[in-house]
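Single-structure report; data block below.
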2 protein chains.
Amino acid sequence: MATLQDIGVAAGIHLLTALIFLFAFAILRLQPINDRVYFPKWYLKGLRESPRDVSTSVGKFINIDWRIYIKFLNWIPEALKMPESELIEHAGLDSVVYLRIYIVGLKVFVPLMVLAFTILVPVNATSSISDAEKDDVGFSDIDKFSISNVSEGSNRFWAHVLMSCVFTIWTCFVLYKEYEMVESMRICFLEAQHRRPDQFTVLVRNVPADPDESISEHIEHFFRVNHRDHYLTHQSSLRGGSFGSLGVHFWKVVFNANKLSKLVKKKEAYQNWLDYNQNKYVINPKKRPNMKGFLGLWGEQVDSIDYYKAKIDALVKEIAVEHERILKDPKAIMPVGFVSFKTRWGAAACAQTQQSKNPTIWLTEWAPEPRDVYWQNLPIPFVELTFRRLVISVSVFSLFILFMIPIGFVQSLATIESIKKNAPFLKNLIELKVVKSFIQGFLPGLAMKLFLLILPSILMTMSKIEGHTSFSEIERKTASKYYYFILIIFFFGSILVGSALQDFDARKELKDLGDSPTIVLKKLGVLVPMRATFFITYIMVDGWSGIAGEILRLIPLIMFHLKNSLLVKTDEDREKAMDPGSVAFAEALPRMQLYFLLGLAYSVATPTILPFIVLYFGFGYFIFRHQVINVYEQKYESAAAFWPDVHYRIIISLLISQLLLLGLLTAKNAKDSAPILIILPFLTIWFHKYCQNRFEPAFSRYPLEEAMAKDTLERATEPGLDLKQYLANAYVHPMFKDDDELDECEKELLSWRENDYKVLTKRTNTPIDTTASTSTTFLIER
Amino acid sequence: MATLQDIGVAAGIHLLTALIFLFAFAILRLQPINDRVYFPKWYLKGLRESPRDVSTSVGKFINIDWRIYIKFLNWIPEALKMPESELIEHAGLDSVVYLRIYIVGLKVFVPLMVLAFTILVPVNATSSISDAEKDDVGFSDIDKFSISNVSEGSNRFWAHVLMSCVFTIWTCFVLYKEYEMVESMRICFLEAQHRRPDQFTVLVRNVPADPDESISEHIEHFFRVNHRDHYLTHQSSLRGGSFGSLGVHFWKVVFNANKLSKLVKKKEAYQNWLDYNQNKYVINPKKRPNMKGFLGLWGEQVDSIDYYKAKIDALVKEIAVEHERILKDPKAIMPVGFVSFKTRWGAAACAQTQQSKNPTIWLTEWAPEPRDVYWQNLPIPFVELTFRRLVISVSVFSLFILFMIPIGFVQSLATIESIKKNAPFLKNLIELKVVKSFIQGFLPGLAMKLFLLILPSILMTMSKIEGHTSFSEIERKTASKYYYFILIIFFFGSILVGSALQDFDARKELKDLGDSPTIVLKKLGVLVPMRATFFITYIMVDGWSGIAGEILRLIPLIMFHLKNSLLVKTDEDREKAMDPGSVAFAEALPRMQLYFLLGLAYSVATPTILPFIVLYFGFGYFIFRHQVINVYEQKYESAAAFWPDVHYRIIISLLISQLLLLGLLTAKNAKDSAPILIILPFLTIWFHKYCQNRFEPAFSRYPLEEAMAKDTLERATEPGLDLKQYLANAYVHPMFKDDDELDECEKELLSWRENDYKVLTKRTNTPIDTTASTSTTFLIER
């Protein structure tokens with residue numbers, strides 16, 4: 001068990017690490033050569049073309065003005081300067097609300113910390129327990145200020161019960177205020193939003209097959225009949241209309257272009273290699289770059305440039321064939337449509353109602369914004385969707401079980417004696433000090449770390465398979481899975497592993513979990529304060545150094561310079577080489593909510609943890625505010641659609657903390673005071689229900705009053721608006737969509753159609769100059 | 001423990017009782033004098049005016065044709081004759097679907113019975129357990145055919161596991177088919193429905209207050225703006241429009257007329273007493289009936305006729321004052337409106353969408369049909385509603401705890417020794433045999449019975465307080481509470497009480513329930529087969545004799561003849577004296593679902609119970625079909641809106657049966673086979689989810705396609721329809737509504753308004769002849 005001094009030293013080390021990271025960042029960000037790594041957002045917004053202050057030729061690469069280095073923390077006031085309203089415009093509501101969660105953390109935990117340190121810490125510190133009890137719980141220094149220092153059955157527990165009530169009420173109050181705030185921000189944001197295609201558009205899935213009509217016709221007829229006064233168009237009929245029957249078919253349906261996009265991606269990869277080799281050749285014109293045939297490892301020596309050119313040519317052909325196949329094959333048309341209405345009111349009414357008496361067909365929902373659509377999942381039929389959900393929930397469950405293994409491993413190795421007993425032949429090997437310490441100290445941690453690294457992508461894949469239709473929804477579902485993982489495996493797992501280190505039998509604990517929740521609750525309650533030091537260490541590693549590392553952007557920095565020196569030829573390439581990144585909500589939200597969980601769970605039992613958490617939230621706020629302003633470019637905007645989940649998960653943390661305290665106090669024999677705590681979970685659940693009814697509709701529905709107000713305003717200010725023209729091509733598969741080259745594309749398509757297929761293949765057979773591609777290939781490339 | 005013979009005798013007795021009831025019914029129903037008791041439905045439908053076959057004067061009262069008595073079971077084929085489509089027209093969809101539940105019972109349990117008797121019973125009967133084990137479980141005769149006869153750890157349990165899977169699949173299959181059927185019946189029913197006011201009308205609650213506008217104006221403006229093309233009217237503006245500003249206000253708002261309806265009810269009661277005394281005076285003109293002042297118990301002697309006349313006069317005055325108050329007092333206007341639309345499409349779109357960005361105001365939902373509206377609950381504001389729900393859930397929880405007391409009582413008395421120990425002064429009293437047997441055998445049962453009698457009305461009151469806006473919803477919520485009561489208190493309670501009788505410590509069991517579900521599950525699993533005989537007895541009492549008693553209608557029979565001889569003066573009075581009754585879904589559904597629970601829970605463990613259940617469902621079907629055709633008059637029609645609940649609760653029964661079997665087999669040490677059962681609950685839950693998504697929308701939403709189709713059809717067939725006229729007065733508080741006398745009422749109202757209040761009071765002061773009331777009082781009376 002760590003002493004107070006140990007923790008002090010660790011805190012010092014981690015603060016120093018964080019400081020070093022910050023200093024490194026301050027230096028690196030001032031170098032013009034890194035400008036695109038640390039300020040990509042401004043480049044992407046077109047507000048910056050080249051690094052500032054380029055006076056000398058050296059100044060192009062490194063900054064030699066020493067005065068700037070003195071003020072290396074300058075970025076903090078800079079990051080705070082931008083007012084919230086401007087920030088919403090600059091970075092979107094998602095990012096701003098994400099930042100607000102840090103503020104919520106501060107709002108919740110600063111008063112909790114003050115109260116806990118003025119009331120609970122004195123109560124705990126002036127108490128004392130017998131030495132027998134001390135031994136019993138593995139007493140450590142830090143426990144002097146924790147609830148462990150109060151002896152069993154003491155009246156002092158009243159203070160803890162009271163504080164728990166106060167903490168619950170305060171947390172709920174902050175959550176309520178915040179939900180109200182975020183709701184009104186969302187409403188304002190949606191109100192202020194410019195005209196957008198998704199306001200008028202509804203995604204229709206599971207269009208039933210009709211023997212007499214094509215899917216496009218069927219959609220049109222259905223909505224012309226059932227939304228007579230409101231239906232405008234679906235997909236984009238105008239564009240299509242301009243070039244006859246092919247066009248109508250082409251632009252009015254949603255294609256299943258999954259294979260095509262795979263091919264295009266493959267081609268892009270080859271293109272990168274080609275660029276790389278051509279650059280190499282330019283630098284060293286004496287030697288043409290060559291390589292071995294198979295992955296560059298073995299086989300015949302070939303000329304690299306020729307090799308990749310040939311590969312790209314083959315792919316271009318394949319892409320053209322696939323393109324043609326999609327246009328010809330009726331199976332490539334998905335039973336899905338994006339139906340647009342004349343008014344927002346019409347779309348709102350359609351999205352929120354049931355269309356057919358069979359609730360498995362003609363399913364309507366708000367269309368996600370175009371860049372948010374996850375095209376692959378659109379055509380999944382209703383029954384399959386239900387099956388997929390079943391399969392995925394089983395898989396997640398199994399995954400959690402699988403993750404129990406490293407934990408069980410840790411725990412079984414803690415008593416290395418058990419290995420000796422079970423596998424006596426390993427005895428000599430294990431006795432070696434190196435092996436022993438490797439097995440005990442390193443292996444389980446490594447396994448856990450590896451698992452944790454791949455976990456988010458596994459969960460993301462699972463959410464994709466579940467069949468959600470937009471990236472934002474997929475991310476939200478992933479976040480939810482990840483949170484449960486952190487809660488069950490990391491939080492409870494760590495506590496149980498702690499118990500193993502303390503000579504409890506964790507396997508028995510796990511078994512008991514199924515048998516008797518109240519007993520386990522008691523035991524868990526007792527274990528919680530004992531693991532405080534572990535979690536404090538974790539907060540310092542992940543919450544302080546980890547976040548400071550975030551601002552340094554080491555990997556994007558390296559990647560940018562690598563790409564810059566190897567691949568970049570034009571300014572456009574340089575633009576592409578920038579990787580602004582984004583707040584990955586699927587990971588970031590659950591990881592942040594862990595801190596809420598820790599803070600709430602320990603607020604009464606071991607208040608010593610609170611300053612560490614407050615520091616995390618404060619520090620995180622500065623760092624991410626800077627990142628949001630200067631770096632991140634979100635892939636989509638969901639207008640804070642994740643907030644209900646955030647609220648819900650903080651409520652879960654609150655419930656868990658209440659139950660754990662109840663268990664702890666019961667175990668501590670506080671018979672008079674503990675039963676009062678039973679009421680808290682019920683009130684918390686009721687509070688959550690109330691918030692849900694009061695605020696959640698704003699996150700899932702679109703009130704008709706708003707829709708009508710916007711429609712009326714628009715009709716008054718822009719009476720001549722051609723909405724059909726405006727909505728044209730809004731929802732075209734990215735493979736087929738390009739605003740500038742669309743006309744080119746149409747011509748190409750017409751010529752493809754008019755001439756014959758042979759002509760086409762002949763045309764694409766001609767070798768293509770990669771630097772100056774024709775419009776056809778350029779289009780396909782995008 | 002009962003032997004097989006005991007059960008046989010009991011079955012004989014109950015079958016005999018049922019037969020006697022049926023015979024009595026057969027005789028009573030043939031007497032013309034009882035015709036209105038046994039065939040009220042036909043009278044109410046206007047299809048019958050007087051008993052059939054009235055040839056002689058004696059024949060008016062009793063039937064003397066002996067030939068008819070021979071065929072005393074004739075009603076059964078008669079009851080089956082009417083085809084389902086006709087039955088729907090005759091009695092409504094609710095009743096027909098209610099009857100279908102009996103058929104579902106047969107569909108589920110007949111194959112289960114056949115399978116169980118051909119496979120499980122032989123498996124059980126040919127097995128044998130040691131005497132030690134026999135003593136252990138309190139082995140009885142009937143257990144020879146039950147799972148108790150299989151010894152621990154036997155491989156024969158594979159048969160039970162397999163059968164459990166087959167039973168689950170079969171039950172789910174039947175449920176799926178039935179859900180599909182009921183859904184399509186509901187859709188057809190709604191499609192075939194004539195034009196009805198509720199198809200065009202939406203109930204709007206929580207209309208926000210506006211300082212500048214009255215509620216009526218506010219509603220009108222809001223919907224004129226936000227449903228520009230669809231809004232028609234709210235409440236009934238046409239009627240109101242015909243007599244000026246008073247009218248507009250009067251008919252366009254929803255009044256809080258709760259006090260008024262109380263007064264009217266009171267007046268009706270006095271009217272009944274007056275009629276009774278007047279009848280008495282007519283029969284015996286020599287003596288004017290008189291009574292004592294206070295409740296007829298003490299005080300001065302008064303002339304009864306004069307007394308009641310005076311009372312009624314006073315009430316008439318009070319009613320008039322209250323009537324006037326409501327019209328004048330703006331507080332009597334509720335912030336609620338019934339908004340009607342030009343088309344069904346408009347109403348469907350409005351009911352399913354959110355109106356305002358604040359989701360606590362302008363709440364829209366489908367208007368219940370007019371006779372289904374529960375007026376008292378309309379004005380409850382949103383926050384209060386949430387609080388009410390909280391309070392009621394706490395109350396229901398407390399009520400359940402309260403009901404534990406009689407059960408605990410039973411159990412503590414079972415060991416009468418404990419009383420002696422705890423209260424030694426009672427020792428001598430208790431030793432008396434009479435007292436002892438009274439305490440042990442009668443008192444707890446009586447307490448339980450009394451509780452059970454008042455329970456449905458308690459639950460109904462609770463559901464009313466919860467704030468639902470229609471009778472049908474209140475009944476559904478009551479049914480749900482009642483079901484949980486039956487499940488927890490009756491089913492599990494009985495099993496635990498059984499354990500007490502078997503020398504288990506039930507208090508400890510109950511305590512354990514909180515501690516360790518799996519252990520308790522095991523114990524419960526073991527206890528289930530032991531209580532089979534108790535439940536078999538219960539089925540015979542409640543399910544056989546009880547149902548046969550239902551057809552006899554003893555209480556309505558007595559009440560009718562009492563009323564007939566004491567109160568009835570005119571044919572209209574006689575009409576009123578008829579009490580057709582109705583299927584009280586709040587009670588009938590949960591009680592029926594108990595049989596599903598018993599059948600499923602015992603199907604594998606003690607298949608002997610199945611024939612009893614099959615007999616119940618078959619018998620019940622005949623009886624209730626007869627009653628539905630000839631007797632019951634439902635108060636409202638919800639188009640089988642209760643079906644999702646029925647489905648859900650059968651699923652719960654299925655889950656419980658699976659878990660209990662799992663517990664039993666685990667306790668029986670069937671290590672190989674039992675784990676397979678774990679998968680069943682998950683599959684069942686998934687099946688339920690699927691059904692919910694697939695079918696439930698049909699029960700809560702109204703597809704736009706249907707709405708549009710009906711609108712279009714109507715426009716084509718009835719182009720000149722004046723919908724405004726049609727919807728006039730559809731949703732007027734029953735206190736103010738009378739189709740025939742409405743014009744009278746309007747005139748009255750005008751005169752009330754035009755003359756002064758003094759004039760009015762003077763007018764109503766004049767004594768009123770009760771037999772020929774003026775239109776004013778007649779209106780108020782209704």
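The chains referred to below are lettered A, B, ... by the order of the sequence lines, with proteins before strands, and numbering in each begins at 1.
Classification of the W345(A)-H227(B) ring pair by plane angle, with boundaries at 30° and 60°, yields perpendicular.
Between F382(B) and R694(A), the shortest heavy-atom distance links the atoms CZ-N, 4.3 Å. Across every non-hydrogen atom of N226(B) and L704(A), the tightest pair is OD1-O, 4.3 Å.
With sequence neighbours left out, the side chain to side chain donor-acceptor pair (under 3.5 Å) criterion links N377(A) to no other residue. For R186(B), there are no salt bridge (charged side-chain N to carboxylate O under 4.0 Å, His left out) partners, not counting sequence neighbours.
Using a 4.5 Å cut-off between heavy atoms, E180(A) does not touch chain B at all. With a 4.5 Å cut-off on non-hydrogen atoms, F387(B) touches chain A through its backbone and its side chain both. If you measure heavy-atom distances from F682(A) to chain B, you find no contacts under 4.5 Å at all. Neither the backbone nor the side chain of A709(A) has a heavy atom closer than 4.5 Å to any heavy atom of chain B. If you measure heavy-atom distances from N693(A) to chain B, the contacts under 4.5 Å come from both the backbone and the side chain. Neither the backbone nor the side chain of E696(A) comes within less than 4.5 Å of any heavy atom in chain B.
Interface summary for chain B: among R228(A), E183(A), Q352(A), the most heavy-atom pairs under 4.5 angstrom belong to Q352(A). Most heavy-atom pairs under 4.5 Å with chain A, from the set N358(B), T360(B), L390(B): that is L390(B).
Under 4.0 Å is where a charged nitrogen must lie from a carboxylate oxygen, and between E191(A) and K357(B) at least one such pair does.
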